[in-house]
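In what follows, a structure is listed as structure tokens, so that the remarks can point back to it.
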Amino acid sequence: MSLIRIKINGIETEVPSDFTVLDAARQLKIPIPTLCNHPLLSPYGGCRLCVVEIKGIARPITACTTPVSDGMEVITSTPILEQLRKTIVELLLSDHPQDCLLCEASGDCTLQELAYFYGIRENRFDGKRRMYEDNDKNPFISRDMQKCILCGRCVRICDEIQGVHAIDYTKRGFDTKVSTAYDMDLDCEFCGQCVSVCPTGALTGKQWSSKGRTKDTKTVDTVCPYCGVGCQITLHVKDEDVIRVTSSPKSHNQGLLCIKGRFGYTFIRSPERLKIPLIRVVDKKNDDFGNGNIKISFKEASWQEAIDYIISNLKAIKDKHGPDAICGLSSARCTNEENYLFQKFMRAVVGTNNVDHCARL
Ligand code: SF4
Ligand code: SF4
Ligand code: SF4
Ligand code: FES
């Protein structure tokens, strides 16, 4: 990729020729406010918040959709640009419920940050408002479309990254709404990619509703326990309980997760979770007519009891039938080190190559 020279706010720099003006400004750490832009998604140019002035172009132009060109001179902030941006935010807020007091996204909402930055308290645009009920019965994602600013990030990530295209714009003009086909309940992969990129409280997770906002939680980075892809996740912990899972855009999985990583954390507090070893007891009895009757139950055991039981039974099988009568099934949910040790145990201790794992479940 060839480099070209460009000047932003008087600072000269060299950037790759496939950069947009927004990319170039970000490389120089010059802030330009955005709502519809997302680094993983194709430029959209919908919100107009990133307008800049470019020498030789008569009117402000969106930085996120304008490719750089050699010798380009850009100004990112002037009183006129800031007034335009403020007006855009005012227009968005004119049709937006002012319920930050109750909103799940409060403190983690780009629209709220922009309103704060531009000091918008009263709104001079008073008009019709879109009124929708959030009555989608899907178990994972709350869709409060009154709070939608039509930035299209959810539509694009579902299509361009997830390849599902479960949602799109429906209707036209003021009535435009992000929705499913025929406005039905969401019935998709429930990866939650759309939730992760929504810059407002329009899309949130039902599982973490009213349990605590981002500011109320401490965060712990860890690795998803479900499969060998090993996505990096961030646990949001409140009162020693995991109430939400997100993923950093800087992670190797770029903040993308599947349904298991994003929503499958409630097992942590499940009362059905096994916490101590159970030894299976098979009770075989003949009834009065001589028919075999097998009753299986589980007996709680200490770890030492369970390990002794496994050792004695593996030894008995090996002595009677040889090591190849035994096979070991490991798990993609274990770490590399655990799987390494397991195959070593099967090969070097038990003496068989019969070892496999559950792959993707
Ligand atoms: S949860 Fe995933 S598949 Fe479903 S609408 Fe959102 S991005 Fe698309
Ligand atoms: S639901 Fe959120 S991400 Fe989707 S268009 Fe509306 S504001 Fe943007
Ligand atoms: S289960 Fe999903 S989120 Fe977890 S590591 Fe695998 S792909 Fe990533
Ligand atoms: S960020 Fe450029 S138009 Fe929305």
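Computed from a predicted structure; not experimentally measured. The first residue of the sequence shown is numbered 1, and numbering continues consecutively from there. The figures that follow rest on heavy atoms only: side chains count, while hydrogens, waters and symmetry mates do not. Every number for a ligand or one of its atoms is a count from 1 in the order of the listing.
Less than 4.0 angstrom separates some heavy atom of Phe190 from each of these atoms of ligand 1: 1 (S), 4 (Fe). For ligand 4, the atoms closer than 4.0 angstrom to any heavy atom of Cys64 are 1 (S), 2 (Fe), 3 (S). Listed by number with element, the atoms of ligand 4 under 4.0 Å from a non-hydrogen atom of Arg48 are 3 (S), 4 (Fe). Taking every non-hydrogen atom of Asn37 and a distance limit under 4.0 Å, the qualifying atoms of ligand 4 come out as 1 (S). Near Cys258, meaning under 4.0 Å from any of its heavy atoms, are these atoms of ligand 3: 1 (S), 2 (Fe), 3 (S), 7 (S). Contact atoms of ligand 4 toward Cys47: 1 (S), 3 (S), 4 (Fe) (distance under 4.0 Å to a heavy atom of the residue). In summary, the atoms of ligand 4 found under 4.0 Å from a heavy atom of Gly46, numbered by their order in the structure, are 3 (S). Close contacts between ligand 3 and Tyr226 involve ligand atoms 1 (S) [criterion: under 4.0 Å to a heavy atom]. Those atoms of ligand 4 with a heavy atom of Thr34 less than 4.0 angstrom away are 1 (S). Close approach of ligand 1 to Gln193 is summarised as follows: ligand atoms under 4.0 Å from at least one heavy atom of the residue are 7 (S). Under a 4.0 Å criterion applied to the non-hydrogen atoms of Gly261, ligand 3 contributes the atoms 3 (S). Per-residue contacts place Cys224 under 4.0 angstrom from the following atoms of ligand 3 (heavy atoms of the residue considered): 1 (S), 3 (S), 4 (Fe), 5 (S).
Panel note: side chain Asp324, backbone Thr352; no donor-acceptor pair is recorded below 3.5 Å. Under the 3.5 Å distance criterion, the side-chain polar atoms of Asn138 are matched with a main-chain donor or acceptor of Ile141.
Of the protein's heavy atoms, Gly192 N, 3.2 Å lies nearest to atom 1 (S) of ligand 1. For atom 4 (Fe) of ligand 1, the closest heavy atom belonging to the protein is Cys188 SG, 2.2 Å. At the shortest separation from atom 2 (Fe) of ligand 1 among protein heavy atoms lies Cys191 SG, 2.2 Å. Nearest protein heavy-atom neighbour of atom 8 (Fe) of ligand 1: Cys158 SG, 2.3 Å.
Here the OG atom belonging to Ser247 is positioned 4.0 Å from the CG atom belonging to Asn253, to the nearest 0.5 angstrom.
Side-chain N/O atoms of Thr76 and Asn9 include a donor and acceptor closer than 3.5 Å.
Using a cutoff of 4.0 Å between basic side-chain nitrogens and carboxylate oxygens, Lys137 and Asp185 are scored as salt-bridged. A salt bridge links Glu305 with Lys299; the closest basic N to acidic carboxylate O contact falls under 4.0 Å. Between Asp241 and Lys211 no salt bridge is recorded (no basic side-chain N to carboxylate O distance below 4.0 Å). Between Arg213 and Asp108 there is no salt bridge, since none of the side-chain N atoms of the basic residue sits less than 4.0 Å from a carboxylate O of the acidic one.
At a cut-off of 2.8 Å, Cys194 does not coordinate atom 4 (Fe) of ligand 1 through any N, O or S atom.
Looking at Ile141 against ligand 1, only its side chain comes within 4.0 Å, counting heavy atoms.
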